[in-house]
Amino acid sequence: MTAYVFLFALLLPWCAAYQTMIDALSSDADGRFGLLLMHLQRARLVPFINGLDKGTLFAPTDAAFRALGDGPVSQQQLLYHLLPSLVPSMDLQHGQILETALVLNDTLQQRVKIQQKRLISFPPSDSHQKQHEKTKRRTWIDTRINDATLIEADVPVNRRSTIHVIDRVLTPPPLLPHVLDQADPRLHQLMAAAQREAFLSGNEEFTVFYAPRTPLMAAFPHVEQQYLTSPFGTHDLQHLVDYVIVPGTVFSSAWQNTSSTAYKTVHGDKLAIRDGKVNDHSKILATDRLAANGVLHELDRLPVAPDLVFDTQKYLHGLDASAWVAMLQKYDIDDHLAAHNLTFVVPTSMDPGAIPENNKRDWLQYHVLSGTHAPPQLIDGQLLRSSMASDALNGQVQRVPVRRIDTSLHFGESRVLDAVYVRDSETWIYRVASPLSLPMDVFTRLVIDLNLSTFVASLYISDLVQRVASTPGLTVLAPTNDVFRDLDLVAHYLLHPNGRHDLQASLQFHVLQGMYYYENEKGANNASSLAPNWIDAPSLLANHSVSLAIGNQSLMVDPAAHLKKDGRDGGGWTQTSQPATTISMNRLIRNGVVHTIDQFLMPSTLRHVVHGDILRTLDNSQRVLGWLEDDFVSNAHDDDKEKDDDDDDENDYLLLAPTDEAFAQLDRAWGTGWEKDTARYNRIKRLHVIPAARLRQGRPLLVDGFIEYGTLLDDDKIWLHLRSGSNRGSVRVAGDAGIGRFAHIVAQAHLHPYRQVVQIDTVLLPNTSSNTNWVVYGAFSLGTAVIIAIVAYMAWRLVQHCRRADYEPIDDRHDDNEHADQPNDHAIEPA
């Protein structure tokens, strides 16, 4: 009994000294915690706190509650001020994370963060102290619990509990989305767009990295940003933001004492933290920003998920071309979207309903080009291969022309607005103002060019329209209207019913089997492009080919390279005997390409066309046609002293053909029937024929561009000046001027280099003498007569002199006797 009394007496002072946190708050000498006690009572937390075995309470003063306002203070908020363990001030450390008594939804432990700062104050200097004397200073530690300042520490409660007085009521942090919205609004918007807001608002804890100074989207070009924030980019955006979310709470203390740590993200890949950096690139700026269900750490920039790939389809979505993507998918050609090394031409505005349903697949493929074509590589006139293979091109792909107009770039007629490079698929995307137009059929394409109207008309006349339009894979060499005008009488013949067959053959000679483009792409090596050397190109005319080569900014066409002199097959010729060149090139058509050329290509089948064929189509050349019908020219050609080469055809000569009006003028001057003087008429005919051999021997004269040629009239020569255009030139007979010595050229036909018809407005007349021998003979005779006259005159003078001498002829004596009485001053005495 005595022992129990002694024990009770020993414990009585201790029991009397034991108090709870509620007791300590109530007994505060300054009465600073009246509002706190009131809120604890209203929240029915007094029994709970009194029952605590140990703990630490962060106690806001009445001033702190008054600063909070009149709003209610919840039980959860009050529990957030309570730690379930004893933490004296000496154990508080900077950056320390302490768990509170508040647990949300029975799973989310709430925490407070301790921040400390060393402060130094200097008292005012004493002016009476010596300058070298050190002034006294005071140092203390400023401690903060979240945003509240610790104003009094370690208010005694009991040996296992303590109270720290703070100047602000603590508020539990909100959930991660709300904290993120305050810390980094742009990242929060991306989380919401990625449908991660609800994910971060559940009962699981996460660690989130954010970077308000450098937005996450700053790592991507504009088109990728547009894609990621579009409805089509939600999945990739989730991958992107998931890479900065780590399951669970990872506080900075977890990596501060280790050289390297790695944490698996929601994305699946890991983030490595080493030396204050994430993935060796992102510097950690601030740590441990608390949220109700996690923690956040601030970086200077966010890491990007390594497996994020932006292909062509994603770029098209980013360029607001989702309708274009849908059309590719609808017509089962979306394999282009996953391919590499392509070029897409995407219209910004289009009306799919305006495109025929059976053409949409081709039309879409025409906008997808093979190869990667960067803007600096595109040059004017270049042809790019599309993905549209066509039966009209023998299975080859259609081309897309490139045009540069001033500083703007065009595909066909569509102006390029901008160009974007898809790095991951090595593809260029060009946005254009309007859709590309598929090449038209050949006649629709030619008809709109008024400078080709004659060529188009000749195709209709020759019944070749259907054949040219339906034959796959053609190259059309189209002469311009100027070329047909320069053909003059040849064009008149070909367009005449008599020349219909030759017209058809000539036009077929202008259509080549196969597509021959003028390529500006250096080093191009494909079956349809032209190498710098001449290549053979068969035409639609059987057994006839031309040669093609790339010239200086033009395509050269040489029909003579395959010409065989027997005329049975081969090529042909041009009027100038020089290769034709292209005026404009690469006009694309549905079944090939069109080049306009500056000369007419005459096939070797035109060898049979002779002078008479031309003249028969003319209404004003009937009388000269008679020269050919009576075989005069052929006979005169055979009698020519200067024979032509054996290779020359008997029809190879130049005929100066006077018009019927020219003959009528001579009729009026000489009267009808003058042709009956056969010798004179034959000389006139011969003057109008220049054989092939003498055409080759023509020599230029320094007289207004004339060239001198010999004719079948042996010594009469012709000066010929041929021109193109309305003033076609003129003809002169060498020698004195006069009637029939000059004529204007009315029209001409250049059938072959040495087979020509030159229609003139005057019948040419030869010199008066038949040839120069008569001139020489006349001059000789005149000289002889002059000499005889001089000799006769001298003889007469001699006779007169003798009469006056002393010697008297017998016949003169009678006269002397009659004049005997007269003195003779001239008498000569005998010796």
Side-chain angles (χ1 to χ4, degrees), residues 74 76-77 79-81 83-84 94-115 144-147 170-213 215-216 237-256 258 261-273 276 278-279 282-303 305:
S74 66
Q76 290 182 345
Q77 187 172 4
L79 287 174
Y80 188 63
H81 292 74
L83 305 182
H94 178 69
Q96 188 177 15
I97 303 298
L98 301 175
E99 293 183 351
T100 71
L102 177 61
V103 178
L104 298 178
N105 301 329
D106 297 328
T107 56
L108 300 178
Q109 179 67 60
Q110 300 304 295
R111 304 168 180 89
V112 293
K113 180 180 179 181
I114 305 301
Q115 301 179 76
R144 290 178 177 270
I145 299 87
N146 289 356
D147 295 330
L170 300 179
T171 301
L175 294 172
L176 277 169
H178 183 76
V179 177
L180 185 60
D181 186 31
Q182 294 175 339
D184 190 346
R186 286 175 292 199
L187 181 58
H188 174 255
Q189 291 177 358
L190 293 180
M191 292 285 186
Q195 300 175 0
R196 280 292 181 250
E197 192 163 19
F199 176 73
L200 294 176
S201 300
N203 289 328
E204 296 183 61
E205 292 186 331
F206 297 98
T207 299
V208 177
F209 294 89
Y210 68 100
R213 305 183 188 187
L216 178 59
L237 185 59
Q238 284 181 353
H239 277 283
L240 184 64
V241 299
D242 285 351
Y243 192 60
V244 298
I245 303 175
V246 176
T249 52
V250 180
F251 297 102
S252 60
S253 58
W255 66 73
Q256 286 177 349
T258 58
T261 54
Y263 301 96
K264 187 175 182 179
T265 66
V266 174
H267 171 274
D269 286 337
K270 292 184 177 181
L271 288 177
I273 301 179
V278 177
N279 288 355
S282 302
K283 185 178 180 180
I284 300 174
L285 302 180
T287 59
D288 301 329
R289 183 162 184 163
L290 299 177
N293 57 337
V295 64
L296 299 91
H297 305 294
E298 181 182 351
L299 308 178
D300 65 341
R301 56 178 174 172
L302 290 174

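From a predicted model like this one, the values you see are computed outputs, not experimental measurements.
No donor-acceptor pair closer than 3.5 Å links the side chain of Thr265 to the backbone N or O of Ile245. Formation of a donor-acceptor pair under 3.5 Å by the Gln77 side chain with backbone atoms of Pro172 is not found in this model. Judged by distance alone, the side chain of Asp288 and the main-chain N or O of Ser252 form a donor-acceptor pair under 3.5 Å. Put simply, the side chain of Gln238 gets close to the backbone of Ala194: a donor and an acceptor are under 3.5 Å apart. At distances below 3.5 Å, not a single donor-acceptor pair connects side-chain atoms of Ser282 with backbone N or O atoms of Leu299. At distances below 3.5 Å, at least one donor-acceptor pair connects side-chain atoms of Asn293 with backbone N or O atoms of Leu200. A distance-only check finds no donor-acceptor pair linking the side chain of Arg213 to the backbone of Arg301 [under 3.5 Å].
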message: Test side-chain contact (heavy atoms from CB on, under 4.5 Å) on Phe209 and Val246; report intermediate values, then the result.
response: CA-CA 9 Å; Phe209 294 89; Val246 176; 4.0 Å; yes
- prompt: Is there a side-chain contact (heavy atoms from CB on, under 4.5 Å) between Asn203 and Leu108 once you walk through the steps?
  reply: CA-CA 7 Å; Asn203 289 328; Leu108 300 178; 4.2 Å; yes
- request: Could you please spell out the steps behind the side-chain contact (heavy atoms from CB on, under 4.5 Å) verdict for Arg111 and Thr249?
  value: CA-CA 11 Å; Arg111 304 168 180 89; Thr249 52; 4.1 Å; yes
message: As a quick check of understanding, evaluate side-chain contact (heavy atoms from CB on, under 4.5 Å) for Thr171 and Asn146, giving each step before the final call.
response: CA-CA 9 Å; Thr171 301; Asn146 289 356; over 6 Å; no
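Using the six-membered ring where Trp is involved, Trp255 and His297 have ring planes that are perpendicular, over 60° apart on the 30 and 60° scheme. A perpendicular orientation is assigned to the rings of His267 and His239, their planes being inclined by more than 60° (bins at 30° and 60°).
Here Leu190 contributes atom CG and Leu216 contributes atom CG; the two are 6.0 Å apart, rounded to the nearest 0.5 Å. Taken from CZ in Phe199 to CG in Leu176, the straight-line distance is 10.5 Å, to the nearest 0.5 Å. Thr100 contributes atom OG1, which lies 10.5 Å from atom CD of Gln76 (distance to the nearest 0.5 angstrom). Here the straight-line distance linking atom OG1 of Thr261 with atom CD1 of Ile273 works out to 5.0 Å at 0.5 Å rounding. Atom CG of Leu271 is separated from atom CG of Asn279 by 5.0 Å, given to the nearest 0.5 angstrom. Atom CD of Gln96 sits about 12.0 Å away from atom NZ of Lys113, to the nearest 0.5 Å.
Proximity of Pro84 to Glu99: side-chain heavy atoms (C-beta onward) are nowhere separated by under 4.5 Å.
Residues Ala291 and Leu296 come closest through the heavy atom pair CB-CD1, 4.0 Å.
Within a 6.0 Å radius of CD in Gln182, other residues, nucleotides and ligands contribute more than 12 heavy atoms.
In this model, a donor atom of one side chain and an acceptor atom of the other lie less than 3.5 Å apart for His188 and Glu197.
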